[in-house]
Amino acid sequence: MFQNDFFPTGHIKGDILIDLSIGPIIHHLYSACEFFKHIIVLKVRDRCMMELKRWVDTRTGAFYWGHAAELQAEIEGKSDQALDKEGEVRSALQHVLKCDFEKENMTEPIDLPPADCIISAWLLSVISKDQNDFIQYLRKFSKLLKPGGHFLFIGCLGATYYIVGKDKLHILKYDEEFVRKALVGEGFVIDCCEVKKRTNRTNMIDYKAIIFIAAHKEK
């Protein structure tokens with residue numbers, strides 16, 4: 001993934017990483033775990049929290065993410081250390097917390113320390129009904145970030161729906177220009193933007209491209 005090329009540069013690192021991403025996924029954290037001491041994952045749904053905690057505690061029935069660990073280890077030139085990579089993520093991922101995006105303090109009654117970095121993967125377009133929602137939620141995410149902290153955004157361009165089981169679910173449609181303007185409007189400086197056009201074909205989601213943006217919050 002895009003961030004695999006960005007973390008090793010040494011520009012993005014620190015004590016606290018907050019993950020605000022869709023579903024109980026963790027594969028995007030494999031490239032981040034060695035650059036942050038603590039990873040805090042925020043989830044709205046109890047089911048997502050349960051699945052993540054099951055993996056962290058290596059309980060029976062946990063989803064197998066070994067393929068992602070193997071891929072990341074291979075990318076780093078350490079293909080024989082996939083198990084070590086899984087251990088690094090488990091060690092860093094110390095908290096899976098409930099959040100509510102409608103509250104001013106999303107993790108109430110817990111006050112989180114300001115983060116050095118936030119990753120938001122495929123979430124904003126799913127929780128936002130329209131562009132105003134997207135900007136409002138982005139503003140709330142920004143409040144969790146310390147001045148000068150980094151924001152990594154991953155999303156789908158041109159998508160309108162995705163399918164889970166028999167349900168066709170909404171995705172907010174947006175383009176690169178909108179995301180750039182939203183970030184700049186909320187006080188971010190864009191350091192890097194990459195767009196990868198869709199190559200696979202499936203009727204499960206109708207996106208046109210994947211976008212990755214690395215930005216930092218102005219001091």
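We count residues from 1, following the sequence as given. Computed from heavy atoms alone, side chains included, the values below leave out hydrogens, waters and symmetry copies.
Contact of the Leu123 side chain with the Phe141 side chain is registered, since non-hydrogen atoms from C-beta on lie closer than 4.5 Å. Between His38 and His95, every side-chain heavy-atom pair lies at or beyond the 4.5 Å cut-off. The shortest side-chain heavy-atom distance between Phe101 and Val44 falls under the 4.5 Å cut-off. Thr107 is not listed as a side-chain neighbour of Leu144, based on a closest heavy-atom distance of 4.5 Å or more. Arg198 has its side chain within reach of Tyr207: a pair of non-hydrogen atoms, C-beta onward, lies under 4.5 Å apart. Here the side chains of Ser142 and Phe188 are in contact, with some heavy-atom distance below 4.5 Å. Under the 4.5 Å side-chain criterion, counting only non-hydrogen atoms from C-beta, Val41 is in contact with Leu29. Side-chain contact between Val126 and Leu124 is absent, with no heavy atoms from C-beta onward closer than 4.5 Å.
In this structure Glu176 satisfies the side chain to side chain donor-acceptor pair (under 3.5 Å) test together with Arg180, sequence neighbours excluded.
In this structure, Asp167 contributes its side chain and Leu169 its backbone to no donor-acceptor pair below 3.5 Å. Lys43 contributes a side-chain N or O that, together with a main-chain N or O of Ser21, makes up a donor-acceptor pair within less than 3.5 Å. For Thr160 (side chain) and Lys173 (main-chain N/O), no donor-acceptor pair under 3.5 Å exists by modelled atom type. A donor-acceptor pair under 3.5 Å links the side-chain atoms of Lys217 to the main chain of Leu145, judged by distance alone.
Using cut-offs of 30° and 60° for the angle between ring planes, the Phe153 and Phe151 rings count as parallel.
The hydrophobic cluster containing Ile18 also contains Ile110, counting ILVMFWY residues as joined when their side-chain heavy atoms lie under 4.5 angstrom apart, directly or transitively. Linking ILVMFWY residues whenever their side-chain heavy atoms come closer than 4.5 Å, directly or via other members, places Val195 and Ile190 in the same cluster. Both Val184 and Tyr174 belong to a common hydrophobic cluster when Ile, Leu, Val, Met, Phe, Trp and Tyr are linked at side-chain heavy-atom distances under 4.5 angstrom.
The two residues Ala215 and Asp191 make their nearest non-hydrogen contact at C-OD2, 3.5 Å. Taking each heavy atom of Lys103 and Lys140 in turn, the nearest pair found is O-NZ, 3.3 Å.
Taken from CZ in Arg45 to CD in Glu51, the straight-line distance is 13.5 Å, to the nearest 0.5 Å. Rounded to the nearest 0.5 Å, atoms NZ (Lys181) and CD1 (Ile135) are 10.5 Å apart. From Tyr162, atom OH reaches atom NZ of Lys168 across 13.5 Å, with rounding to the nearest 0.5 Å. Interatomic distance, CD1 of Ile16 versus CZ of Phe36, reported as 10.5 Å (0.5 Å rounding). Of the inter-residue distances, the one linking Cys117 atom SG with Leu152 atom CG reads 4.0 Å to the nearest 0.5 angstrom.
Counting only residues at least two apart or on different chains, the salt bridge (charged side-chain N to carboxylate O under 4.0 Å, His left out) pairs with a member in residues 144-161 are Asp116-Lys146.
Surrounding NZ of Lys98 are more than 12 heavy atoms belonging to other residues, nucleotides or ligands, all under 6.0 Å away.
Residue Tyr161 shares its hydrophobic cluster (ILVMFWY side chains chained together at separations under 4.5 Å) with Ile163, Met204.
A side-chain contact (heavy atoms from CB on, under 4.5 Å) with Cys193 is found for one member of Leu183, Ile213, Val179 and no other, namely Ile213.
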